[in-house]
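These notes concern the structure reproduced below.
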Amino acid sequence: AFQNMRQAGIRSFAFFIFGYPGETLETMEHTVEYAIELDPDFANFYPAVPYPGTAMYDKVVKDGLLPEGGDADWSRMEYSYYLLNGNGLNGEVVMDAIHRAKRRFFLRPAYIAGHLGDIARLAMSKQAIFFGVVSRTLFGSKTVNTSVAPFRSGQTALAEADRH
(Lines give C-alpha, C1' and ligand atoms only; values in the text may rest on other atoms or scores of the structure.)
Protein backbone atom coordinates (compact mmCIF):
# COMPACT_ATOMS: atom_id res chain seq x y z
CA ALA A 1 0.00 0.00 0.00
CA PHE A 2 2.81 2.44 0.86
CA GLN A 3 4.62 1.68 -2.40
CA ASN A 4 1.38 2.17 -4.37
CA MET A 5 0.76 5.49 -2.63
CA ARG A 6 4.31 6.63 -3.35
CA GLN A 7 3.99 5.66 -7.03
CA ALA A 8 0.71 7.59 -7.23
CA GLY A 9 2.29 10.68 -5.68
CA ILE A 10 0.25 10.40 -2.49
CA ARG A 11 2.04 11.13 0.77
CA SER A 12 1.78 8.44 3.40
CA PHE A 13 1.45 8.73 7.15
CA ALA A 14 1.95 5.95 9.68
CA PHE A 15 1.25 5.99 13.40
CA PHE A 16 2.67 3.53 15.91
CA ILE A 17 1.70 2.96 19.54
CA PHE A 18 4.19 1.79 22.17
CA GLY A 19 3.56 0.25 25.56
CA TYR A 20 0.50 -1.93 25.15
CA PRO A 21 0.20 -4.57 27.88
CA GLY A 22 2.60 -7.39 27.05
CA GLU A 23 4.93 -5.23 24.98
CA THR A 24 8.67 -5.31 25.62
CA LEU A 25 11.68 -3.23 24.61
CA GLU A 26 12.34 -5.89 21.97
CA THR A 27 8.86 -5.63 20.43
CA MET A 28 9.12 -1.82 20.41
CA GLU A 29 12.42 -2.17 18.54
CA HIS A 30 10.69 -4.45 16.00
CA THR A 31 8.05 -1.74 15.57
CA VAL A 32 10.74 0.84 14.78
CA GLU A 33 12.34 -1.54 12.26
CA TYR A 34 8.92 -2.06 10.67
CA ALA A 35 8.35 1.71 10.47
CA ILE A 36 11.70 2.12 8.72
CA GLU A 37 10.92 -0.78 6.37
CA LEU A 38 7.52 0.75 5.46
CA ASP A 39 9.25 4.11 4.90
CA PRO A 40 6.16 6.35 5.00
CA ASP A 41 6.58 10.05 4.31
CA PHE A 42 5.75 10.77 7.92
CA ALA A 43 5.58 8.62 11.03
CA ASN A 44 4.75 9.29 14.62
CA PHE A 45 5.11 7.18 17.73
CA TYR A 46 2.73 7.46 20.67
CA PRO A 47 2.33 5.83 24.08
CA ALA A 48 -0.66 3.58 24.68
CA VAL A 49 -3.34 5.40 26.69
CA PRO A 50 -5.83 3.38 28.78
CA TYR A 51 -8.96 5.49 28.42
CA PRO A 52 -11.66 4.53 30.95
CA GLY A 53 -14.45 2.61 29.27
CA THR A 54 -12.14 0.80 26.83
CA ALA A 55 -11.13 -2.85 26.78
CA MET A 56 -7.52 -1.77 27.35
CA TYR A 57 -8.50 0.09 30.50
CA ASP A 58 -10.33 -2.96 31.83
CA LYS A 59 -7.30 -5.14 31.09
CA VAL A 60 -4.71 -2.87 32.74
CA VAL A 61 -6.88 -2.49 35.84
CA LYS A 62 -7.40 -6.28 36.01
CA ASP A 63 -3.66 -6.90 35.53
CA GLY A 64 -2.66 -4.22 38.06
CA LEU A 65 -0.73 -2.15 35.50
CA LEU A 66 -2.49 1.14 36.20
CA PRO A 67 -1.06 2.67 39.38
CA GLU A 68 -3.45 3.72 42.15
CA GLY A 69 -5.16 6.95 41.08
CA GLY A 70 -3.78 6.68 37.55
CA ASP A 71 -7.23 7.18 36.10
CA ALA A 72 -8.01 10.25 38.21
CA ASP A 73 -5.88 12.78 36.32
CA TRP A 74 -7.52 13.08 32.91
CA SER A 75 -5.00 15.75 31.87
CA ARG A 76 -2.40 12.96 31.64
CA MET A 77 -4.57 10.72 29.47
CA GLU A 78 -3.07 11.84 26.21
CA TYR A 79 -0.07 11.16 24.01
CA SER A 80 2.51 13.07 26.08
CA TYR A 81 2.38 10.61 28.99
CA TYR A 82 2.60 6.90 29.63
CA LEU A 83 0.58 5.95 32.69
CA LEU A 84 1.14 2.22 33.05
CA ASN A 85 3.69 0.58 35.31
CA GLY A 86 4.60 -3.08 35.17
CA ASN A 87 6.09 -5.85 33.08
CA GLY A 88 9.31 -3.83 32.80
CA LEU A 89 7.59 -0.77 31.32
CA ASN A 90 6.93 2.60 32.90
CA GLY A 91 6.68 6.20 31.75
CA GLU A 92 10.42 6.73 31.48
CA VAL A 93 11.11 3.50 29.58
CA VAL A 94 8.29 3.97 27.05
CA MET A 95 8.83 7.70 26.46
CA ASP A 96 12.59 7.08 25.99
CA ALA A 97 11.75 4.35 23.46
CA ILE A 98 9.47 6.78 21.62
CA HIS A 99 12.18 9.45 21.48
CA ARG A 100 14.71 6.90 20.19
CA ALA A 101 12.20 5.73 17.57
CA LYS A 102 11.71 9.27 16.29
CA ARG A 103 15.47 9.84 16.07
CA ARG A 104 16.02 6.53 14.27
CA PHE A 105 13.19 7.19 11.83
CA PHE A 106 13.69 10.87 11.01
CA LEU A 107 17.48 11.15 11.21
CA ARG A 108 18.19 8.45 8.62
CA PRO A 109 20.32 9.89 5.81
CA ALA A 110 17.94 8.40 3.21
CA TYR A 111 14.93 10.01 4.90
CA ILE A 112 16.62 13.40 5.16
CA ALA A 113 17.80 13.24 1.53
CA GLY A 114 14.36 12.21 0.30
CA HIS A 115 12.63 15.02 2.19
CA LEU A 116 15.22 17.78 1.88
CA GLY A 117 12.80 20.01 -0.05
CA ASP A 118 10.11 19.63 2.61
CA ILE A 119 12.64 20.29 5.37
CA ALA A 120 13.93 23.42 3.63
CA ARG A 121 10.40 24.75 3.01
CA LEU A 122 9.48 24.22 6.65
CA ALA A 123 12.72 25.83 7.86
CA MET A 124 12.17 28.88 5.65
CA SER A 125 8.45 29.40 6.17
CA LYS A 126 7.79 28.19 9.72
CA GLN A 127 11.04 28.69 11.60
CA ALA A 128 9.58 28.35 15.11
CA ILE A 129 7.82 25.11 14.18
CA PHE A 130 10.92 23.81 12.42
CA PHE A 131 13.20 24.44 15.41
CA GLY A 132 10.60 23.00 17.80
CA VAL A 133 10.36 19.79 15.76
CA VAL A 134 14.15 19.50 15.45
CA SER A 135 14.58 20.10 19.18
CA ARG A 136 11.95 17.51 20.14
CA THR A 137 13.38 14.97 17.69
CA LEU A 138 16.95 15.39 18.90
CA PHE A 139 16.39 15.90 22.62
CA GLY A 140 12.91 14.57 23.36
CA SER A 141 10.01 16.66 24.57
CA LYS A 142 9.52 18.13 27.98
CA THR A 143 6.20 17.37 29.56
CA VAL A 144 4.32 19.80 31.71
CA ASN A 145 3.08 18.61 35.08
CA THR A 146 -0.51 19.75 34.80
CA SER A 147 -1.43 18.43 38.22
CA VAL A 148 0.33 21.34 39.97
CA ALA A 149 -0.83 24.17 37.73
CA PRO A 150 -3.63 26.12 39.39
CA PHE A 151 -6.94 26.28 37.58
CA ARG A 152 -7.71 29.75 36.28
CA SER A 153 -11.06 30.60 34.82
CA GLY A 154 -11.24 32.62 31.63
CA GLN A 155 -12.33 35.70 33.57
CA THR A 156 -9.43 35.38 36.02
CA ALA A 157 -6.95 35.05 33.16
CA LEU A 158 -8.47 38.10 31.44
CA ALA A 159 -8.35 40.16 34.66
CA GLU A 160 -4.69 39.26 35.13
CA ALA A 161 -3.94 40.18 31.53
CA ASP A 162 -5.66 43.57 32.01
CA ARG A 163 -3.41 44.33 34.98
CA HIS A 164 -0.29 43.80 32.88
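Residues take their numbers from the sequence shown, with the count starting at 1. Heavy-atom basis, side chains included; hydrogens, waters and symmetry copies ignored.
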At their closest point, which heavy atom of [X] faces which heavy atom of [Y], and how far apart are they?
{"X": "M56", "Y": "V49", "result": "SD-O, 3.8 Å"}
{"X": "G86", "Y": "L65", "result": "CA-CD2, 3.8 Å"}
{"X": "N85", "Y": "P67", "result": "CB-CG, 4.0 Å"}
{"X": "A101", "Y": "V32", "result": "CB-CG2, 3.4 Å"}
{"X": "P50", "Y": "L66", "result": "CG-CD1, 4.2 Å"}
{"X": "M95", "Y": "S80", "result": "CE-O, 3.5 Å"}

Return the [atom1] to [atom2] distance between [X] and [Y], rounded to the nearest 0.5 Å.
{"X": "D39", "Y": "S12", "atom1": "CG", "atom2": "OG", "result": "7.5 Å"}
{"X": "K62", "Y": "Y57", "atom1": "NZ", "atom2": "OH", "result": "14.5 Å"}
{"X": "D63", "Y": "N87", "atom1": "CG", "atom2": "CG", "result": "7.5 Å"}

_side-chain contact (heavy atoms from CB on, under 4.5 Å) partner of E23, the single match among T31, I17, V94_ =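 Only one of T31, I17, V94 forms a side-chain contact (heavy atoms from CB on, under 4.5 Å) with E23, namely T31.
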
*Say whether, by atom type as modelled, one donor and one acceptor occur between the side chain of Y82 and the main chain of G19 under 3.5 angstrom.*
yes

*Could you check I98 against M28 for side-chain contact (heavy atoms from CB on, under 4.5 Å), going step by step and ending with a plain yes or no?*
CA-CA 9 Å; I98 288 171; M28 287 187 273; over 6 Å; no

Are any of the side-chain heavy atoms of [X] and [Y] separated by less than 4.5 Å?
{"X": "L84", "Y": "N90", "answer": "no"}
{"X": "E33", "Y": "R104", "answer": "yes"}
{"X": "F42", "Y": "R11", "answer": "no"}
{"X": "F2", "Y": "P40", "answer": "yes"}
{"X": "D58", "Y": "T54", "answer": "no"}

*Verify the ring-centre separation between Y111 and F106: is it less than 6.0 angstrom?*
yes

_Ring centers of F45, Y79 separated by less than 6.0 Å_ =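 No, ring centres 6.0 Å or more apart.
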
*Crowding at CZ, F16 (>12 non-hydrogen neighbours, <6.0 Å)*: yes

*asked:* Are Y34 and M5 connected into the same hydrophobic cluster when the rule is that any two of I, L, V, M, F, W, Y join if their side-chain heavy atoms are below 4.5 Å apart?
replied: no

*Do F13 and I36 share a hydrophobic cluster (ILVMFWY, side-chain heavy atoms under 4.5 Å, transitive)?*
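The answer is yes; both residues are in one hydrophobic cluster.
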
*State whether F105 and R108 meet the cation-pi test: NZ (Lys) or CZ (Arg) under 6.0 Å from the six-membered ring centroid, and within 45° of the perpendicular axis.*
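R108 over F105 ring: yes.
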
*Are a donor atom and an acceptor atom from the side chains of E26 and T24 found within less than 3.5 Å of each other?*
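There is no such pair between these side chains.
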
